[in-house]
Amino acid sequence: MTSVQVDKQHDGNEAEDSASGEGYHRALGARQIQMIAIGGAIGTGLFLGAGKGISIAGPSLILAYAAAGLVIFFIMRALGELLMYRPVSGSFSEYAREFIGPFAGFATGWTYWLFWVVTGITEVTAAATYMTYWWDIPQWLSALVFTVILYAANLISVKLFGELEFWFSMVKVTAIVGMILICAGILTLGFSDAGDTASVTHLWDLGGFFAGKDGIFSTLMTLQMVMFAFLAVELVGVTAGESKDPKTVLPKAINTVPWRIAVFYVGALIMILSVVPWTEFKPGVSPFVAAFEKMGLGVGAAIVNFVVLTAALSSCNSGMYSTGRMLRDLALNGQGPKVFTRLTRSGTPLVGTTFSAALMMVGVWINYQWPGEAFNYVVSFATISGMWAWIVILICQIRYRLKADRGELPQSPFKAPGGIWFSVFSLAFIGMVIVTMAMDAGNRVALYGAPVWGLILGVSYLVLKARNPEGAAFAKRS
């Protein structure tokens, strides 16, 4: 659905049919949407990245995850309000186009596309690295095989994508729940090598709760890593146009965010840090692996390696899915090449997915040729581009609610709590995270790259507008 069709789609019944107007098939059921929502909040940021966060902030990393998780819930409820007002595929750029302006829609669509391409590059390369744990095979070969398999699965049907993501998420959830239960058993029954030393007092008796080098400031400096761990939770919004019953399924999926964060992040870290003193964790080492080793469970490393491999493939799978749809949404609105509008008989965006997958393959080659800090900077830029989607969601919800309260638009049946004020608070929180990134030399370069990307988008937009100055895609909305 293009932005020029928005005025015709405010009626609730017509909005239900928006996906068929876009050409997509509503093939994602409640089971798949729920697991996509769960899996989107669990990735390598938790399985691997938490080790660095613990070494910096100590037990207070738990508080960082809890605070950021609350903001993520506010963001998801803001998105839910918009989705129930008008569920469409490629929702971020659609809402930006409607509530902010045509350039905002253009910039959001292309930035979110870039986020997933870069994420796909890093994750498929990471997956190839994890494979060397079991087999001595060239990294590029594993990356090639994974990319081709996921690319083919995304072209066959959206239902197959949903099934893959369902089982990827199931592995991650099972691993975390298993870890929590094992740690709980150690704390209460005292079995394994860690039984004699495990204690919840580890959370405060080794330098205090804020045991980082700089106290609470160290906790604040971990927020950028914590927010990176939550990136992709908004993927539910991209699936809106292909959900069988979006007005029932999506609110349920969004409302599970608090307990997902409480269990998978806060709960898991409390248990791990109670069994293993935080001083034993090191950057680059998975806290799950460290915990298994402390317990004396030799199979732990292999299990965690498999889980992290699954998390990487899950993220790449999501990237394949979302990039094609964002490109098609841009093309339908005249803000991208028309060739990206093509769909297969199964309703998948053929050209957009193919183009994105090709770029991911180029990225694997780049990472093979020039590994090191330069590539890590690109990952930092992915964090900035991912948070841009959250910023847009919050601004759009604020503008939508103000219009709805004035009677200019219909009220959403799934209103975000706190009206616009929780969205304002969340915007301020994201702003604070960006400030902490500016204070970190390792991530500051990503902030330098953002204006460059903005300049590229601005020039591209002006060129497209000059070619079609009367186009509806470039007209200002009242």
Side-chain angles (χ1 to χ4, degrees), residues 24-25 27-28 32 35-36 39-40 43-44 112-172 232 235 238-239 242 305-328 331 337 339-371 375 378-379 382:
Y24 295 117
H25 297 176
L28 294 176
Q32 294 163 325
M35 290 307 291
I36 288 172
T44 53
Y112 197 65
W113 168 81
L114 177 67
F115 160 68
W116 273 114
V117 168
V118 174
T119 299
I121 290 171
T122 59
E123 297 292 5
V124 76
T125 305
T129 302
Y130 302 145
M131 287 297 293
T132 60
Y133 178 85
W134 293 292
W135 296 286
D136 184 18
I137 56 178
Q139 181 174 314
W140 67 266
L141 181 59
S142 295
L144 175 64
V145 171
F146 287 142
T147 304
V148 170
I149 290 175
L150 294 177
Y151 166 70
N154 273 269
L155 286 189
I156 292 173
S157 71
V158 67
K159 185 175 182 179
L160 181 56
F161 157 78
E163 283 299 313
L164 279 175
E165 202 57 33
F166 174 86
W167 291 108
F168 283 151
S169 297
M170 184 66 74
V171 170
K172 293 185 286 186
L235 183 65
V238 183
T239 68
E242 293 168 277
N305 194 72
F306 174 73
V307 173
V308 175
L309 170 64
T310 302
L313 292 177
S314 172
S315 183
C316 189
N317 187 43
S318 297
M320 291 278 190
Y321 172 84
S322 57
T323 51
R325 282 147 184 82
M326 298 307 295
L327 288 179
R328 184 168 187 264
V339 69
F340 290 142
T341 62
R342 295 180 183 177
L343 293 176
T344 64
R345 290 184 178 181
S346 61
T348 58
L350 171 63
V351 180
T353 303
T354 302
F355 177 70
S356 300
L359 287 182
M360 290 180 189
M361 291 302 301
V362 172
V364 172
W365 177 79
I366 292 174
N367 191 40
Y368 174 76
Q369 290 292 327
W370 299 289
F375 197 76
V378 177
V379 176

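- Remark: the backbone N or O of T310 is not paired with any side-chain donor or acceptor of S314 at under 3.5 angstrom.
- With values rounded to the nearest 0.5 angstrom, L313 atom CG is found 6.0 Å from L150 atom CG.
- Taking CE of M361 as the start and CH2 of W140 as the end, the distance is 9.0 Å to the nearest 0.5 Å.
- Every residue two or more places apart in sequence or in another chain that forms a ring-ring contact (aromatic ring centres under 6.0 Å, His included) with F115 is listed here: Y112.
- Side chains of S356 and L327 form a contact here, defined as non-hydrogen atoms less than 4.5 Å apart.
- Listed here is the closest heavy atom pair of C316 and E123: N-CB, 4.2 Å.
- Between the CG atom of L350 and the CG atom of L343 there is a distance of 9.0 Å, given to the nearest 0.5 Å.
- The nearest pair of heavy atoms linking W116 to S322 is CD1-OG, 2.8 Å.
- Here the CE atom belonging to M131 is positioned 9.5 Å from the CG atom belonging to L141, to the nearest 0.5 angstrom.
- Two residues are said to be in side-chain contact when any heavy atoms from C-beta on lie closer than 4.5 Å; V307 and V171 meet this criterion.
- Within the model, atoms OG of S169 and CH2 of W167 stand 11.0 Å from one another, a figure rounded to the nearest 0.5 Å.
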Side chain to side chain contact (heavy atoms under 4.5 Å, CB included) between V351 and R328: does it pass, once the steps are laid out?
CA-CA 9 Å; V351 180; R328 184 168 187 264; over 6 Å; no
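- Evaluation of the ring-ring contact (aromatic ring centres under 6.0 Å, His included) rule for F340 yields F355 as partners, not counting sequence neighbours.
- Residues V124 and A143 come closest through the heavy atom pair CG2-O, 3.7 Å.
- Taking both residues in full, the closest heavy atoms of T348 and R325 are given as CG2-NH2, 4.0 Å, listed atom of the first, atom of the second, then distance.
- I149 CD1 to L144 CG: the interatomic distance, rounded to the nearest 0.5 Å, is 9.5 Å.
- Counting only N and O atoms by type, the side chains of T354 and Y151 include a donor and acceptor under 3.5 Å apart.
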